[in-house]
There are 2 protein chains.
Amino acid sequence: MGRPRTRDWDDLRRALLDAAGRLLAAEGPQALGTRRVAHEVGTSTTAVYNLFEDKAGLLRAMFLDGFAALEERFARVPVDGDPEADLLALGHAYRAAARADPHRYDLMFGRPIADFRPDEADLARIGGTYDTLLRAVARCVDAGRFGPADPADIAAHLSALVHGLASLELRGALGDEECADRRWRLALEAACRGHHPEPAG
Amino acid sequence: MGRPRTRDWDDLRRALLDAAGRLLAAEGPQALGTRRVAHEVGTSTTAVYNLFEDKAGLLRAMFLDGFAALEERFARVPVDGDPEADLLALGHAYRAAARADPHRYDLMFGRPIADFRPDEADLARIGGTYDTLLRAVARCVDAGRFGPADPADIAAHLSALVHGLASLELRGALGDEECADRRWRLALEAACRGHHPEPAG
DNA sequence: AGTGTTATGTAACAGCGTTGCGTTACAGTT
DNA sequence: AACTGTAACGCAACGCTGTTACATAACACT
């Protein structure tokens, strides 16, 4: 009983998420008002509070969506080639994701928007993204391309590096595109080289 | 002529900045309301708009203050020892600054607060901090510790790495303190090793 | 004293996230 | 067919924010 839903919940939820994603990409985080997002899909603020708990819930859903997209990019990276080349390809996929939607990247790895910090449950759901990196590092270690070390330590190093590079690039601190290309390449190569086993010793 | 200032402008400006810094460190960015900061030093919101242009101006001043503090830490790092050891010491000074005031670090290198993005004039004023890193890298290149390369490219690499490490650590993604210590050390050492000249070639 | 000029706090305005309340629209009952 | 209970929905208000217009206050000078 009760009044029937005039719009399907899942459809409306997706519509809100898509609209919010468009607004975020086009105008930045300050465009993500509850009234604005709701109006964009022809509903009212109430829908946001019914479908997500509150505005932070909407941001959390966008956060998780972003990691799903990143994981999809990672999944398209081959895992059967040269282990080190695969690892570099993961880094470039990460860069492509950041450049494809800079504001979304800020939402995922910075915290440009108040009132939202991912909790433990969120971090558990995005662990798969980190696992992909970890497995790629482990393959390099197993293949003897990296000296004997805890793959988690190397993964932490590389994950910090790509995040730092992406942050600098999105801030415009890596120079023009050609210069940024070179610095990404040099930095990733140097980082990998730093883990190569000693030639003698 | 005109009404005399009941408080010295420079004193009041410093008091506002200090109060804002205390609030930011203690309660995070959401505590930085104009009313709150003004009340903390016994004045009114008007003072913020007289002494800084607006709230973004207050944040900009805190931003520049943060870089002044970072530059001070850098200045205490010796520049006459082993070039590579000096470079690592710079990295650890950067880490110490981030850990000393995490929210301030976010203000400087993330963008946790809407309505403030550093403009070109701001970036020019903080260029000295980056120059310190650049000089340390150049000393390593000149000493033959790093293979022949553009010091700016190596500096970009290292700057991205320390920023990434600091971000991960402040997010708690680097594990407990002992683990974070190890990962900072391993990552900085591997990054430097990656720039060492080829033994033969 | 009176006036001009400047410093300062108060109060209002528009916007935000959020929520209570009235309205709408159907299912089941009489 | 009329009624009622329940669920969905939107409007409007609340408290907060940054910002600004305005009234007030306090001096120097005539």
Side-chain angles (χ1 to χ4, degrees), chain A residues 1-17 19-20 23-24 27-63 103 107 111-119, chain B residues 1-17 19-21 23-24 26-63 103 107 111-119:
Chain A
M1 24 187 141
R3 178 175 176 170
R5 291 186 276 277
T6 179
R7 305 182 65 163
D8 183 58
W9 276 26
D10 289 342
D11 286 354
L12 186 51
R13 190 185 152 92
R14 264 260 66 86
L16 283 169
L17 276 174
L23 286 172
L24 179 65
E27 304 181 36
Q30 80 284 356
L32 289 182
T34 52
R35 291 168 178 82
R36 179 82 188 277
V37 174
H39 183 76
E40 205 77 13
V41 301
T43 181
S44 193
T45 64
T46 312
V48 176
Y49 290 88
N50 285 343
L51 295 171
F52 311 90
E53 188 163 352
D54 50 10
K55 185 186 177 181
L58 173 63
L59 298 178
R60 168 172 297 110
M62 299 176 69
F63 172 88
H103 287 122
L107 174 61
R111 50 203 110 96
I113 304 175
D115 308 337
F116 169 63
R117 272 189 54 95
D119 59 19
Chain B
M1 24 185 139
R3 176 176 177 170
R5 292 187 276 275
T6 179
R7 304 183 65 163
D8 183 56
W9 276 23
D10 289 343
D11 287 354
L12 186 52
R13 190 184 152 92
R14 265 259 66 87
L16 283 169
L17 276 174
L23 286 172
L24 179 66
E27 303 181 36
Q30 80 283 355
L32 289 181
T34 53
R35 291 168 177 81
R36 179 82 188 276
V37 174
H39 182 76
E40 204 77 13
V41 302
T43 180
S44 194
T45 64
T46 313
V48 176
Y49 290 88
N50 286 343
L51 296 171
F52 310 91
E53 188 162 354
D54 50 10
K55 185 185 176 180
L58 173 63
L59 297 179
R60 170 172 295 109
M62 300 175 70
F63 172 88
H103 288 122
L107 174 60
R111 54 205 108 95
I113 306 175
D115 308 337
F116 169 64
R117 273 192 47 98
D119 57 20

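- Contact annotation: A:Arg3 side-chain N/O to C:dT24 OP1/OP2 distance is not under 4.0 Å.
- Whole-Å rounding puts the B:Tyr49 OH to D:dC22 P distance at 18 Å.
- The CZ-P distance, from A:Arg7 to C:dA25, rounds to 16 Å in whole Å.
- Distance, B:His39 NE2 to C:dT8 C1': 17 Å, rounded to whole Å.
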Problem - side-chain contact (heavy atoms from CB on, under 4.5 Å) between B:Lys55 and B:Phe116, worked out - result: CA-CA 9 Å; B:Lys55 185 185 176 180; B:Phe116 169 64; over 6 Å; no

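- In this structure, CG of A:Leu32 is placed 12 Å from P of C:dC16, rounded to the nearest angstrom.
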Handout entry: Worked verdict on B:Val37 versus B:Thr45 for side-chain contact (heavy atoms from CB on, under 4.5 Å)
Key = CA-CA 8 Å; B:Val37 174; B:Thr45 64; over 6 Å; no

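- The separation between B:Gln30 atom CD and D:dT17 atom P is 11 Å, rounded to whole Å.
- Rounded to the nearest 0.5 angstrom, A:Asp10 CG and A:Arg5 CZ are separated by 9.0 Å.
- Contact annotation: B:Trp9 does not reach the phosphate of C:dT6 (side-chain N/O to OP1 or OP2, under 4.0 Å).
- In terms of phosphate contacts, A:Thr43 brings a side-chain nitrogen or oxygen within less than 4.0 Å of OP1 or OP2 of D:dG10.
- Nearest to the side chain of B:Pro4, among D:dA8, C:dA7, D:dC27, sits D:dC27.
- A:Asp54 comes within 4.0 angstrom of sugar-phosphate atoms only, judged by non-hydrogen atoms across all strands, and of no base.
- For the pair B:Ser44 and A:Gly33, nearest-nucleotide mapping onto DNA chain C gives the more 5' position to B:Ser44.
- Atom CG in A:Asn50 sits roughly 13 Å away from atom C1' in C:dT18 (whole-Å rounding).
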Practice task
Could you walk me through whether B:Asp119 and B:Arg60 pass side-chain contact (heavy atoms from CB on, under 4.5 Å), step by step?
Solution key: CA-CA 9 Å; B:Asp119 57 20; B:Arg60 170 172 295 109; 4.1 Å; yes

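- The CG atom of A:Leu59 sits 11 Å away from the C1' atom of C:dG17 (whole-angstrom rounding).
- On a pure distance criterion of 3.5 Å, a polar donor-acceptor pair joins the side chain of B:Arg35 and the base of D:dG18.
- Taking the nucleotide of DNA chain D with the nearest heavy atom to each of A:Thr46 and B:Glu53, the more 5' of the two is matched to A:Thr46.
- The listed nucleotides are D:dG18, C:dA11, C:dT8; the one nearest the side chain of B:Thr45 is C:dA11.
- In this structure, the CG atom of A:Leu12 is 9 Å from the P atom of D:dG10, given to the nearest Å.
- On a pure distance criterion of 3.5 Å, no polar donor-acceptor pair joins the side chain of B:Thr34 and the base of D:dG18.
- Using a 4.0 Å heavy-atom distance criterion, B:Arg36 is classed as making no nucleic acid contact.
- Sparse packing is recorded around CD of A:Glu53, with 12 or fewer heavy atoms of other residues, nucleotides or ligands lying under 6.0 Å away.
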